[in-house]
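What follows is a single structure, written as structure tokens, with notes after it.
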Amino acid sequence: MKYLQGNYQIMHKQALNRDVYSMIMHCPEIAELAQPGQFVHILPKGFSLRRPISIAGIDRKNGTLRIVFVIKGKGTQAIANLNTGDYIDVIAPLGHGFTLMPEAAHVVLVGGGIGVPPMLPLADYYKDKATVISGFRSFPQVILQEDIEASGARAICCTEDGSAGAIKGFVTTPLEQLLSEGADAVFACGSLPMLKAVTDVCMRNHTYCEISMEERMACGVGACLGCACKIKKEGQEQFLHVCKNGPVFNAEEVCW
Amino acid sequence: MKYLQGNYQIMHKQALNRDVYSMIMHCPEIAELAQPGQFVHILPKGFSLRRPISIAGIDRKNGTLRIVFVIKGKGTQAIANLNTGDYIDVIAPLGHGFTLMPEAAHVVLVGGGIGVPPMLPLADYYKDKATVISGFRSFPQVILQEDIEASGARAICCTEDGSAGAIKGFVTTPLEQLLSEGADAVFACGSLPMLKAVTDVCMRNHTYCEISMEERMACGVGACLGCACKIKKEGQEQFLHVCKNGPVFNAEEVCW
Amino acid sequence: MADLSVHICGVDFKNPIIPASGVFGYGREYEEFYDLSELGGIATKGTTGQKRTGNPAPRIAETPAGMLNSVGLQNPGIDYFIQNELPYLLKKNTVILANIAGSTIEECAEVAEKLDATDVHMIELNISCPNVKQGGAAFGTSCDMAGQVTAAVRKVTKKPLIVKLSPNVTSITEIAKSVEAAGADAVSLINTLLGMRIDIHTKRPVLKNNVGGLSGAGIFPVAVRMVWQTANAVKIPVIGMGGVTSGEDAIELMMAGASAVQVGMAVFTDPYAPVKIIQQMNDFLEENKIASVQEIIGTVQPW
Amino acid sequence: MADLSVHICGVDFKNPIIPASGVFGYGREYEEFYDLSELGGIATKGTTGQKRTGNPAPRIAETPAGMLNSVGLQNPGIDYFIQNELPYLLKKNTVILANIAGSTIEECAEVAEKLDATDVHMIELNISCPNVKQGGAAFGTSCDMAGQVTAAVRKVTKKPLIVKLSPNVTSITEIAKSVEAAGADAVSLINTLLGMRIDIHTKRPVLKNNVGGLSGAGIFPVAVRMVWQTANAVKIPVIGMGGVTSGEDAIELMMAGASAVQVGMAVFTDPYAPVKIIQQMNDFLEENKIASVQEIIGTVQPW
Ligand SMILES: Cc1cc2nc3c(=O)[nH]c(=O)nc-3n(C[C@H](O)[C@H](O)[C@H](O)COP(=O)(O)OP(=O)(O)OC[C@H]3O[C@@H](n4cnc5c(N)ncnc54)[C@H](O)[C@@H]3O)c2cc1C
Ligand SMILES: Cc1cc2nc3c(=O)[nH]c(=O)nc-3n(C[C@H](O)[C@H](O)[C@H](O)COP(=O)(O)OP(=O)(O)OC[C@H]3O[C@@H](n4cnc5c(N)ncnc54)[C@H](O)[C@@H]3O)c2cc1C
Ligand SMILES: Cc1cc2nc3c(=O)[nH]c(=O)nc-3n(C[C@H](O)[C@H](O)[C@H](O)COP(=O)(O)O)c2cc1C
Ligand SMILES: Cc1cc2nc3c(=O)[nH]c(=O)nc-3n(C[C@H](O)[C@H](O)[C@H](O)COP(=O)(O)O)c2cc1C
Ligand code: FES
Ligand code: FES
């Protein structure tokens, strides 16, 4: 694994809704290395711990990375306060991303809420071989549907209250449907209950599934053992680390 | 004593030399109350303790106060990073200022280095009845001589190395001279050794002298008893407080 | 408006926020900013038998997310306090906690006895001041001494007696249990951690006393832990403090087990801190539809 | 270039900066950033007799100017360490401090004995980890136990033995004297302070272990005080740590009496922290025309 630390300039900042921001930073060396499913570890000014944020776009030609994040607490608030032209302190690219399957005929990408952004680099990779199911609470939370369509992937948007998208309800409804029609793999990111539900659907349908997990982090590089995640490998439960062994894990191996 | 806390806008910022800044803030309520020798207690962003800075100008008509400060550590650095238009968090006016003597015929104001700025409001008050002796290490440190002259007071500038001003050497040389010619009072601010030397000269010449003292502060309002200063009153030594009983004390009463 | 009132040892507080001893003097200086009646209570500067001058300056040093102080127990003495400060404070329509200290058990008892004859609402016995060489800290770091001084003070007063504990100990629960057994009606914690800073240019400790008490946001996690441990170890109420700077912090300490919360050095950063914290607590309770702040005391659910 | 070398228990360090145990793994992850040979030394993650899984997550909580951790002693066990990590580390041209821990005296001795047969430079016996229920902390908070475990380890190894002390005690100097008497060649301090945070929205402690160890800039004043007290209480060298984030901090700890300085969580904020600190120390020494860093050890002049 290769990663760097540096201060990189923000080229573009955009509010996707009241709480969610998209930022593009110029970091050619990192963009060169970055893979879908990896994350950047951002130091908000004045804080002592960094914040992990998934990579939501990789543009090697322009040497940029994109991130999309929701303001959750003081750290993400501080990052959201940065403006175009400001510099952002990151360590990246970190972690073990999604498996890329050049041979796959059809993959399903499932994102829930702020779990949708990490699906974008995958959509860019699989293009029209991917269907992206995005789930949101309600209309105001819906983000990135145009970006998915621009990638060439098929976009299915669900909202719990039916206020937007084709489907009222959870992501599992279209997922069941798609898997019954056959898919090579499922890649998912979202809340724990959603990931659990997606894993269940995949296991029932005997479809390979990878999910992106979250845990509180310190170092972000695998040194401090802070971000433990219980993983079952060859029948044995062990603590692996989200920042190094993950954030993407084989869904079957995760101990819930 | 009456004082306020608030966030006030910086109307003007100027570098007087590499390390010394002048700032003017719009705070009509405070300007209305402020007296020469009082100070403002500034909270640099991100710090937990405020920084005491003397008032270097009071403009009631425009509702502004001026401060002049040197970058000493991280707190004053943070204040110096503020720009015109930014807001500054202050509690002011604080402390017990210099005695104003409307009847005085001639007073001598002595400032050493960053002790010169608090002399300005006194110069504005006494005008041509004041002589202001300023002492600096060398030419690059010289500040505020035009401001003193603009007040109508006479300005005598000393530098230790003779690189600027009329006098090569310490402030005590012209002070001895002036006191031998007679003066009603001396008001001084500067380093401890300078204040001690000035006090000695005054006591030898039987001239009333007030000096502005410094001490590390927490509350700034007299509640925490942090800024103790040993003062002898009626033969008894006691700890008074720089922020409330001072910063200006009768030089004879200070226990060195 | 949520119900912010709390009741400790039979005393009614309109809200749980109390400026801590030593940061608020006798309240006069902060009356310039707001009405003291807005506060749940006020803990007054530590008072001893005789007038004390405290330690030489510098007494203050800044630290990351906190500060050190070595004020020591500078105060005008109990007689002056009772004559010149207390009557004024008692008119302010807020609970007055008279914080007391002493170098000897006898001194503590003497001061408490004098207070017993006044209308002060509560006595907070500080057995933990790290800035007094002759014994102050020793009381707070030995179960035996802590119990003895508590018992001696208990004997001379019927006032609700809060004993203020030092965090500079291996087991704060042992000390708490020992003062509970000796008759304390409540405990308050934490006092400051013992710390030091050195000016590397002069090679001198920043504080003339060499060491001083560390307070501020940096120590908040230690306060939460000790309040939680102590609330689980004793039956008497716990008053929490140490690094509280927001309503959320105060809520967190109360969930850990505090019945009320003192606010110390946050007052220096923002003189309005105590009243803002009261407002923020109210906002949190309203947003979460909690009718009374009493409902949250000790509600943390450990794993 | 000032002379930054220090010498502790007969071991030569090219500079006094050592990433602290637990924050640096076995160094591999930070080799992406710089050459490990730039460091004075490396303290490895605490190793026990058998493989351990550590505590459940969450194990990390942010605090003002610091963090809590409850990693516990997750590690692959001493045999794995000796076979798979140590040989690699020993090639890195820096001093390796093998940090060890155990639930029992026997376990500590067993681990030390195995290390004695290796080429590791020093053993750092952690008697202070607050995150292990079965005894870890108890060793560090009792003079008697601290002495016993030190003596047992001393018996099985000729390697320079550093004993790492807990700050969660009434008197760190008593513990230090007791491990000195039992044969320690040096002491290192401070380990983390015990702290806690609660998520007020879920009423759950942020850490699954409920409590955890507080480190970071917020505890620096406590570290300075304890290093100063300990350096004055024992004759063996003191290795200082706790909240160091800059070269100035490291200088301050050395003036307080530390012969070398470990850097912990600052590495999380900035992976380059240790090498920047080395550079900043050099700059300070040059500016102040101090030829060797050894000249500043213990030079604080108390009032
Ligand atoms: C691998 C990974 C990828 C992520 N990708 C994204 C993303 O693309 N977009 C996005 O909006 N969010 C993402 N998150 C979650 C994001 O890291 C948290 O929302 C953020 O750290 C919260 O910081 P805060 O200061 O705003 O909140 P606070 O609650 O104030 O943070 C306090 C502490 O808890 C940690 N923390 C809080 N929530 C989380 C969480 N869910 N996961 C890990 N640490 C947490 C913080 O990092 C900080 O140390 C990701 C998390 C992980 C682990
Ligand atoms: C009444 C009064 C009036 C002052 N007026 C002026 C002025 O007009 N212009 C000016 O440049 N300076 C003035 N000072 C000094 C100024 O307060 C300090 O230079 C400033 O606090 C340093 O802060 P820092 O964060 O930059 O330095 P640091 O050294 O990083 O500060 C660390 C801590 O020490 C305190 N401290 C350090 N030096 C002093 C000092 N000399 N006096 C009090 N506290 C100190 C700081 O407030 C802070 O709490 C005055 C001080 C006092 C007491
Ligand atoms: C300047 C200062 C003076 C203090 N004086 C006293 C005192 O006289 N008696 C006492 O019991 N505590 C005293 N304390 C301790 C505080 O009451 C409180 O326990 C401690 O500061 C922790 O709270 P904080 O982090 O909110 O400041 C003092 C604290 C400070 C900062
Ligand atoms: C995540 C983490 C893990 C730690 N693990 C250990 C350990 O295994 N053994 C040990 O002796 N100390 C351990 N420590 C304590 C540090 O070595 C150090 O003593 C402490 O963090 C204080 O230094 P700091 O404030 O610079 O971080 C750990 C600290 C952290 C933050
Ligand atoms: S955050 Fe340090 S190991 Fe994952
Ligand atoms: S700074 Fe609090 S009394 Fe002066």
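Both backbone and side-chain heavy atoms feed into the values below; hydrogens, waters and symmetry mates do not. To find a chain, count down the sequence lines: A is the first, B the second, and so on, and within it residues start at 1.
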When you look at CZ of Arg60(A), are more than 12 heavy atoms from neighbouring residues, nucleotides or ligands closer to it than 6.0 Å?
yes

So, the side chain of Tyr30(D) versus the backbone of Val221(A): is there a donor-acceptor pair under 3.5 Å, distance only?
no

Between Val23(D) and Ala223(A), the two heavy atoms sitting closest are O-CB, 3.8 Å

Do other residues, nucleotides or ligands put more than 12 heavy atoms under 6.0 Å from Lys51(D) NZ?
no

How far apart are the closest heavy atoms of Pro56(D) and Phe239(A), and which atoms are they?
CA-CZ, 3.8 Å

With rounding to the nearest 0.5 angstrom, report the CD to CG distance, Glu29(D) to Leu94(A).
11.0 Å

Just how far is it from atom CD1 of Ile60(D) to atom CG of Leu225(A), taken to the nearest 0.5 Å?
9.0 Å

Should we say atom CZ of Phe139(A) is surrounded by more than 12 heavy atoms from elsewhere, each under 6.0 Å from it?
no

Region of Lys244(A) that comes under 4.5 Å of a non-hydrogen atom in chain D:
side chain

Nearest atoms (heavy-atom pairs only) where Ala228(A) meets Ala57(D):
O-CB, 3.3 Å

Glu62(D) and Lys74(A) ion-paired at < 4.0 Å:
no

So what's closer than 4.5 Å to chain A heavy atoms on Phe24(D): side chain, backbone, both or neither?
backbone

Would you find more than 12 non-hydrogen atoms of other residues, nucleotides or ligands less than 6.0 Å from Lys92(D) atom NZ?
yes

The interface call for Leu43(A) against chain D, heavy-atom contacts under 4.5 Å, is side chain

Rounding to 0.5 Å, atoms CZ (Arg59(D)) and NE2 (His241(A)) come to a distance of 5.0 Å

Would you say Phe33(D) has more than 12 foreign heavy atoms packed within less than 6.0 Å of its CZ?
yes

Is Gln5(A) close to chain D through its backbone or its side chain, or both, or neither, when contacts mean heavy atoms under 4.5 Å?
both

Bottom line for Tyr272(D): the part with an atom under 4.5 Å from chain A's heavy atoms is side chain

CG-CZ distance between Leu207(D) and Arg216(A), expressed to the nearest 0.5 angstrom:
8.5 Å

Identify which of Cys224(A), Cys227(A), Cys229(A) forms the greatest number of heavy-atom pairs closer than 4.5 Å to chain D.
Cys224(A)

At a heavy-atom separation under 4.5 Å, does Leu4(A) approach chain D through its side chain, its backbone, both, or neither?
backbone

Quick check: are there more than 12 heavy atoms from other residues, nucleotides or ligands sitting under 6.0 Å from CD of Gln50(D)?
no

Least distance between heavy atoms, Ser48(A) atom then Ala65(D) atom
OG-C, 4.1 Å

